[in-house]
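Sequence lines set the chain letters: A, B, ... in the order given, protein chains first and strands last, and positions in each chain run from 1. Values in this document were obtained by computation on a predicted structure and should not be read as measured data. Excluded from the calculations below are hydrogen atoms, water molecules and symmetry mates; all remaining heavy atoms, backbone and side chain alike, are included.
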Protein chains: 2
Amino acid sequence: MFSKACEYGIRALIYIGQQSADFGRRVGLRDIAAEIDSPEAFTAKVLQQLVRQQLLTSVKGPAGGFELTPEQLRTVTLRQVVLAIDGPGMLQGCALGLPQCSAKQPCPMHYQFLPIRDQLNELLRTYTIGELAGKVHEGLGFLKQ
Amino acid sequence: MFSKACEYGIRALIYIGQQSADFGRRVGLRDIAAEIDSPEAFTAKVLQQLVRQQLLTSVKGPAGGFELTPEQLRTVTLRQVVLAIDGPGMLQGCALGLPQCSAKQPCPMHYQFLPIRDQLNELLRTYTIGELAGKVHEGLGFLKQ
DNA sequence: CACATACCGGACAAATTTGTCCGGTAATAA
DNA sequence: TTATTACCGGACAAATTTGTCCGGTATGTG
């Protein structure tokens, strides 16, 4: 569904978000990779991308690490994360790969996929990192097995 | 959403299906690749896969080519095609990449993605190649731009 | 049989994604 | 200022996906 990079990015953000929201605590890369069960160096690349897009905050030096500001917790949506890492493909591309699929010249599945696509967009647009971090906090969601 | 291989496979099957249903006509690889705008040699690989899985029929020699039997037109679903080429990942894997995501230990998006996933499965299970070929026949769907 | 057609199968190559390594830079503290 | 910590950035490597090439095999025709 999403790329590995995107999966790691989302899981990392939720973990960072939970630590920021619950303890006001910054977390380091080692910590993050361990908690979401992802390759450390590769996860670093993904997080750098998110920092550049201002969906995540980083602080260098001792006691540094990654954190989400209260505003980021409240406003950053899954949709923004997916767009930042994977681009718009999954959110708007044609299911059969036609470059210009639309009502004007639809693929045979166009109108069947449309409602599903719409629901996916709506879902990603609705959920913020803060809300998802809340689920983890309440034990209603997990970031690794 | 689906791999390129899967996109080509679906488009090719629909085209072959339309030719089989409307004209009882076998189509060659060159023809198919031109009509669905896909790389010929790569498409050949995908079609061989579908033939091995008996979702498609091929005939060698002069006047040979690919065709769909009436039974294949009636019974082969999109779901079978996706499973044959891409495997079950998109149809049942966790959206955040957890290897064992389930009600027992769900990811934070588990219950949100479930209905969408279910609809996608239902959609793919419902549509047969024959039905989609019908749409193309009626000018309600296109396989290239 | 000889020949032409068209799918089959394996090897190979390019492109993309995934993952690693290491020196550089900023920040903090002694 | 010096040392330490931890993110940053670029180069590199492995794995997967995408795409190509070519000889082999089966089939139909004369």
**Prompt:** When the distance from CG of Leu56(B) to P of dC7(C) is rounded to whole Å, what number comes out?
**Reply:** 10 Å

**Message:** Rounded to whole Å, how long is the line connecting atom CD of Glu7(B) with atom P of dT18(D)?
**Reply:** 9 Å

Collect all protein-nucleotide pairs involving nucleotides 23-30 of chain D in which both atoms are nitrogen or oxygen and the distance is under 3.5 Å.
{"unit_1": "dA26(D)", "atom_1": "O4'", "unit_2": "Lys60(B)", "atom_2": "NZ", "d": "3.4"}

**Prompt:** Please give, in whole Å, the distance from dG19(C) C1' to Gln49(A) CD?
**Reply:** 14 Å

**Asked** Quick one: is dC8(D) close enough that its OP1 or OP2 comes under 4.0 Å of any side-chain N or O from Ser58(A)?
**Response** yes

**Item:** Nucleotide nearest Arg52(A) (side chain, heavy atoms from C-beta), chosen from dG19(D), dC7(C), dG9(D)
**Value:** dG9(D)

**Request:** For Ser58(A), enumerate each residue passing the side-chain hydrogen bond (donor to acceptor under 3.5 Å, both in side chains) test, keeping only those at least two apart in sequence or located in another chain.
**Result:** none

**Atom pair distance, as rounded to whole Å: NZ in Lys45(B) and P in dA13(C)** = 15 Å

**Prompt:** Any side-chain N or O of Tyr8(A) less than 4.0 Å from the OP1 or OP2 oxygen of dG19(C)?
**Reply:** yes

**Prompt:** side-chain hydrogen bond (donor to acceptor under 3.5 Å, both in side chains) with Arg30(B): which residues, sequence neighbours excluded?
**Reply:** none

**Request:** Can you run down the ring pair (Phe, Tyr, Trp, His ring centres under 6.0 Å) pairs that involve residues 79-116 of chain A, sequence neighbours left out, and say none if there aren't any?
**Result:** none

**Message:** Tell me every residue that passes side-chain hydrogen bond (donor to acceptor under 3.5 Å, both in side chains) with Arg125(A), counting only those two or more places apart in sequence or in another chain.
**Reply:** Glu122(A)

**Complete:** Separation of dT17(C) atom P from Met1(A) atom CE, nearest Å, is 18 Å

**Prompt:** Could you give the CG-to-P distance, from Asp86(B) to dT16(D), as a whole number of Å?
**Reply:** 15 Å

**Request:** Strictly below 4.0 Å, heavy-atom distances to any atom of DNA chain D: list the hits from residues 9-43 of chain A, or just say none.
**Result:** Val27(A), Gly28(A), Leu29(A)

**Request:** Compare every heavy atom of Ile32(B) with every heavy atom of Phe66(B), then report the nearest pair and how far apart it is.
**Result:** CD1-CD1, 3.8 Å

**Prompt:** By ring pair (Phe, Tyr, Trp, His ring centres under 6.0 Å), which residues pair with Phe42(B), not counting sequence neighbours?
**Reply:** Tyr8(B)

**Message:** Output the rounded distance in Å from NZ (Lys4(A)) to P (dG19(C)).
**Reply:** 7 Å

**Fill in**
So the side-chain hydrogen bond (donor to acceptor under 3.5 Å, both in side chains) pairs with at least one residue in residues 40-50 of chain A (sequence neighbours excluded) are Ser38(A)-Thr43(A)

**Request:** Under the side-chain hydrogen bond (donor to acceptor under 3.5 Å, both in side chains) rule, collect the residues that match up with Arg26(B), sequence neighbours excluded.
**Result:** Glu67(B)

**Request:** Before accepting this row, confirm whether a basic side-chain N of the pair Glu71(B)/Arg74(B) lies closer than 4.0 Å to the acidic partner's carboxylate O.
**Result:** no

**Request:** Could you check how far CD of Gln48(B) sits from C1' of dG9(C), rounded to whole Å?
**Result:** 6 Å

